[in-house]
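Data first, discussion second: the structure below is written as structure tokens.
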There are 2 protein chains.
Amino acid sequence: MQGMVAVDYNLALQGILFYMIKKSGQNNKWDVQLRKGTLELVILSVLRGRKVYGLEILKSLHILPTMQITEGTLYPLLDRLKREGLIAAEWIQTEDTRPRKYYHLTQSGESKLKLLSERWSQSVSDIKYLLNNPGPKPLDQ
Amino acid sequence: MQGMVAVDYNLALQGILFYMIKKSGQNNKWDVQLRKGTLELVILSVLRGRKVYGLEILKSLHILPTMQITEGTLYPLLDRLKREGLIAAEWIQTEDTRPRKYYHLTQSGESKLKLLSERWSQSVSDIKYLLNNPGPKPLDQ
DNA sequence: AACCATACCTTGCATTGCAAGGTATGAAGT
DNA sequence: ACTTCATACCTTGCAATGCAAGGTATGGTT
């Protein structure tokens, strides 16, 4: 009986811990939705001016609290960007490691990056306006 | 024959016009995706400190270039926010108009607004870092 | 030989914004 | 009266995308 209680208790602790990690760590549902808008910009921006391979992108982003994504997110996205001609890939093998697939921006990828970052600025300023401004009775219609 | 050519020509013009309006106006596919993250924050922020009815929200947002949404977006979202207890609604009829459904923030809506806007700031600063910083060989791993 | 870390990829689901429709009501033309 | 228009709200089905949870292949270490 005591044994059983102990097991259940441990299971409960595990559950709680898991929940806390999930919750505090990175993945609110809202964060996920927010990334839907920004991730394309983010990836293009990581690739600007250099060649990077898949897992390296993941590691690069790992320091940014709102940008903690996984491989299941990254690889399909890279596929899409390649299909759209915004990035290109090549397999490169240095002597001491396994072959890696390095991505870099194409010409049209660079234009897109510029376009998206302008659009992003606009969005930031729009929301800034909403967060600072209103208060009661702002809009006389 | 000339008639047919004329018709096709007009159709083509219509198509082009339609395309241009769609394109230049508001709705890139990317803008739509970007809104998926921000719209909840935006609506809560519009409701902060006052009571507003549906179409009024739409009009309020109309001046912001990245926030031009339609009723098909708004009403389902208001429904969801109500279901989640973040906002509440009441029908109000002033003497000179038709009854309108006015929405306002609940207690938990206000906390959520605070939480989301903090998360938003984090995201903005993360992306700012990516857009300004990198360039070639920034990340020694 | 067994194991682990690195690297890439795939499948199916959940969420959400939106176009395109719809209903109801009152006011304004005719 | 009757049609038409503007206001107000709502619904349905689709498209796009992030992601968890799986998988494969390879080379080094024990």
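No experiment lies behind these values; they were computed from the predicted model shown. Within every chain, numbering begins at 1; the chains are lettered A, B, ... in the order of the sequence lines, protein sequences first and strands thereafter.
A close approach under 4.0 Å does occur between a side-chain nitrogen or oxygen of Tyr53(A) and OP1 or OP2 of dA7(C).
Every pair passing ring-ring contact (aromatic ring centres under 6.0 Å, His included) that includes a residue from residues 89-110 of chain B is listed here, sequence neighbours excluded: Tyr53(B)-Tyr102(B).
Rounding to whole angstrom units, CG of residue Leu74(B) and P of dT11(D) are separated by 13 Å. If you take CD of Gln68(B) and P of dG17(C), they are 16 Å apart, rounded to a whole angstrom. Following rounding to the nearest Å, Leu78(B) (CG) and dG17(C) (C1') show an atom-to-atom distance of 13 Å. Put simply, CG on Leu58(B) is 12 Å from C1' on dT7(D), counting in whole angstrom units. Regarding Asn28(A), its CG atom lies at a distance of 14 Å from the P atom of dT15(C), rounded to whole Å. With rounding to whole Å, Glu56(A) atom CD is found 9 Å from dA7(C) atom P. Following rounding to the nearest Å, Leu34(B) (CG) and dT16(C) (P) show an atom-to-atom distance of 15 Å. Here the P atom of nucleotide dT15(C) and the CG atom of Leu77(B) are 15 Å apart, to the nearest Å.
Judged by distance alone, the side chain of Ser123(A) and the main-chain N or O of Arg119(A) form no donor-acceptor pair under 3.5 Å.
Side chain of Arg100(B), nearest nucleotide from dC10(D), dA8(D), dC9(C): dA8(D).
Checked against side chain to side chain donor-acceptor pair (under 3.5 Å), Thr38(B) has no partners two or more places apart in sequence or in another chain. Residues that satisfy the salt bridge (charged side-chain N to carboxylate O under 4.0 Å, His left out) test with Glu90(A), not counting sequence neighbours, are Lys51(A). In terms of the side chain to side chain donor-acceptor pair (under 3.5 Å) criterion, Glu110(A) has no residue partners (sequence neighbours excluded). Legend: residues meeting side-chain contact (heavy atoms from CB on, under 4.5 Å) with Ser117(B), ordered by chain and number and at least two apart, are Leu131(A), Leu41(B). Scored by the side-chain contact (heavy atoms from CB on, under 4.5 Å) test, Val124(B) finds Trp120(A), Val124(A), Trp120(B) as partners (sequence neighbours excluded).
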Task: Letter per nucleotide, 5' to 3', of nucleotides 22-30 of chain D [B base touched, S only sugar-phosphate touched, - untouched; heavy atoms, 4.0 Å] - done: ---BB----
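Where Thr73(B) and Pro76(A) each meet DNA chain D at their nearest nucleotide, the meeting point lying more 5' is that of Thr73(B).
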Got a list of protein N/O to nucleotides 13-17 of chain D N/O distances below 3.5 Å?
{"residue": "dA16(D)", "atom": "N3", "partner": "Lys36(B)", "partner atom": "NZ", "Å": "3.3"}
{"residue": "dT17(D)", "atom": "O2", "partner": "Lys36(A)", "partner atom": "NZ", "Å": "3.0"}

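To the nearest 0.5 Å, atoms NZ (Lys29(A)) and CG (Leu34(A)) are separated by 14.5 Å.
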Which pairs of donor and acceptor atoms, one on a side chain in residues 73-86 of chain A, lie under 3.5 Å apart (sequence neighbours left out)?
{"residue": "Arg80(A)", "atom": "NE", "partner": "Glu84(A)", "partner atom": "OE2", "Å": "3.4"}
{"residue": "Arg80(A)", "atom": "NH2", "partner": "Glu40(A)", "partner atom": "OE1", "Å": "2.5"}

